[in-house]
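Residue numbers start from 1 in every chain, and the chains themselves are labelled A, B, ... in the order their sequence lines are given, proteins ahead of strands. Everything numeric here is computed off the predicted structure, so don't read it as measured data.
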Amino acid sequence: MPELPDVEIFRRYAEKHALSQEIQDVSIKDDKIAATSPQTLKKSLTGHQLKKAGRVGKYLFLPTEGETVLVMHFGMTGWLEYQKQEEVQYAKASLHFDSGYYLHFVNPRKLGRLHITDNIQEFSRYMQIGPDALAIREEDFLQKMKKKKGMLKSALMDQSFLSGIGNIYSDEIFFQAGLHPKTKISNLNEAQLGNLFIRMKEVLSLAIEQRADPENMPEHFIIPRRKEGSSCPSCGGEVRKDKLSGRGFYYCPRCQGGKSD
DNA sequence: GTCTTTGTTGGCAC
DNA sequence: AGTGCCAACAAAGA
């Protein structure tokens, strides 16, 4: 679930509900998700308020009014829940506000992480988080792509190169751009790279507009057809499945070329 | 029981 | 150094 559009929805959710109220108590229900020690997480947050909700790639940044910033990463499965109920299934950490409400960090597979940092820039550098896929400017994107080697899909999913795009949305971006995911970057011309940039922004923005809800994806998206045997929304041909570095991906052979190298 | 899954990381090979 | 691949992590669903 949590790629850039999903995390952007979580960011807005946190911004709407969880800011400017005192955190009374912090409970870490599973130490596995605590990238910063549970003691430090509790000490840094208790008695403070979250003041902002920012995002870079798949990371959510929640600065307090003090020095410290709560950082969330959701892993393969996870979301936020703001409610009065103290116990929520799969909640691995919970902030208890003085309003009585809880912000639950829900993470069924325990692959998500919570960090505390006092400097977002430093944290981003240390974690090697590349420029945000929605924030990057075209000239920077083109410049980076021209220097990058290897296959398209590997590049767009490389979080240190460009952050926010995962397996699902990369499939959609390549479908919209009419490019095969295994295309070698070096075989693309300026126009194709420019088009890729436009499609990338378009797919991410549209997904956010649909609140990153898979049920609400536009008709012309391939995401709802990520199943073997389904038909391409554009040409009606059969959607095919392949693998790259162990990750399955879906594409339309007719609309996205053979391999174009 | 087996395989696959929306993410990341560390190890190995080239 | 950069690129590709795999296993591992964890748990749920097909």
Geometric class of the A:F123/A:H115 ring pair [parallel <30°, tilted 30-60°, perpendicular >60°]:
perpendicular
Without decimals, in angstroms, what is the distance between A:Q159 CD and B:dT9 C1'?
13 Å
B:dT8 phosphate, OP1 or OP2: any side-chain N/O from A:H73 under 4.0 angstrom?
yes
How far does CD1 of A:I222 sit from CD of A:Q256, to the nearest 0.5 angstrom?
5.5 Å
Supply the atom-to-atom distance A:R113 CZ to A:F105 CZ, rounded to the nearest 0.5 angstrom.
8.5 Å
Salt bridge (charged side-chain N to carboxylate O under 4.0 Å, His left out) partner of A:D158, the single match among A:K149, A:K148, A:K153
A:K148
P spacing across the pair C:dA1 / B:dT8, given as an integer number of angstrom:
24 Å
Check the surroundings of atom CZ in A:R240: do more than 12 heavy atoms from other residues, nucleotides or ligands lie under 6.0 Å from it?
no
Distance check needed: B:dT5 C1' versus A:F74 CZ, whole Å only.
19 Å
Sub-3.5 Å donor-acceptor pair from the side chain of A:K201 to the main-chain atoms of A:I136, do we have one?
yes
Whole-Å distance between B:dG7 C1' and A:D171 CG?
15 Å
Does OH in A:Y101 sit with more than 12 non-hydrogen atoms of other residues, nucleotides or ligands closer than 6.0 Å?
no
For atom CD of A:Q128 and atom P of B:dG10, their distance in whole Å:
9 Å
Using whole Å, report how far CG of A:D6 lies from P of B:dG7.
9 Å
For A:F161, answer base if it contacts any base atom (sugar-phosphate contacts may also be present), sugar-phosphate if it contacts only those atoms, and nothing otherwise; contact means non-hydrogen atoms under 4.0 Å.
nothing
So what does A:K241 hit on the nucleic acid, given a heavy-atom distance under 4.0 Å: a base, only sugar-phosphate, or nothing?
sugar-phosphate
When we call it a touch if two heavy atoms are under 4.0 Å apart, what does A:L111 touch: a base, just sugar-phosphate, or nothing?
base
Taking every heavy atom of A:F249 against every heavy atom of A:R226, the minimum-distance pair comes out as CA-NH2, 4.5 Å
Ignoring hydrogens and angles, are the base of B:dT8 and the side chain of A:R113 linked by a donor-acceptor pair under 3.5 Å?
no
Measure CG/A:N107 against P/B:dT5 and give the value in whole Å, please.
20 Å
Output yes when at least one side-chain N/O atom of A:R226 is less than 4.0 Å from OP1 or OP2 of B:dT5, else no.
no
Counted 5' to 3', the first and last nucleotides of DNA chain C within 4.0 Å (strictly under) of a heavy-atom of chain A are C:dT3 to C:dA12
What is the distance, to the nearest angstrom, from the NZ atom on A:K227 to the P atom on B:dT5?
14 Å
Integer-rounded Å distance: B:dT5 P and A:R109 CZ
11 Å
Each base of DNA chain B marked ( ) or [ ] if paired in-strand (Watson-Crick or G-U under 3.5 Å), | if paired to another strand and . if unpaired gives .||||.||||||||
P spacing across the pair B:dT2 / C:dA7, given as an integer number of angstrom
16 Å
Judged by nearest nucleotide, the residue sitting upstream toward the 5' end of DNA chain C, A:G246 or A:K148, is A:K148
Side-chain atoms of residues 84-92 of chain A: list all donor-acceptor pairs with protein atoms under 3.5 Å, sequence neighbours left out, distances to 0.1 Å.
unit_1: A:Q85; atom_1: OE1; unit_2: A:Q83; atom_2: NE2; d: 3.2
unit_1: A:Q85; atom_1: NE2; unit_2: A:E87; atom_2: O; d: 3.1

Around atom CD of A:Q128, are there more than 12 heavy atoms from other residues, nucleotides or ligands closer than 6.0 Å?
no
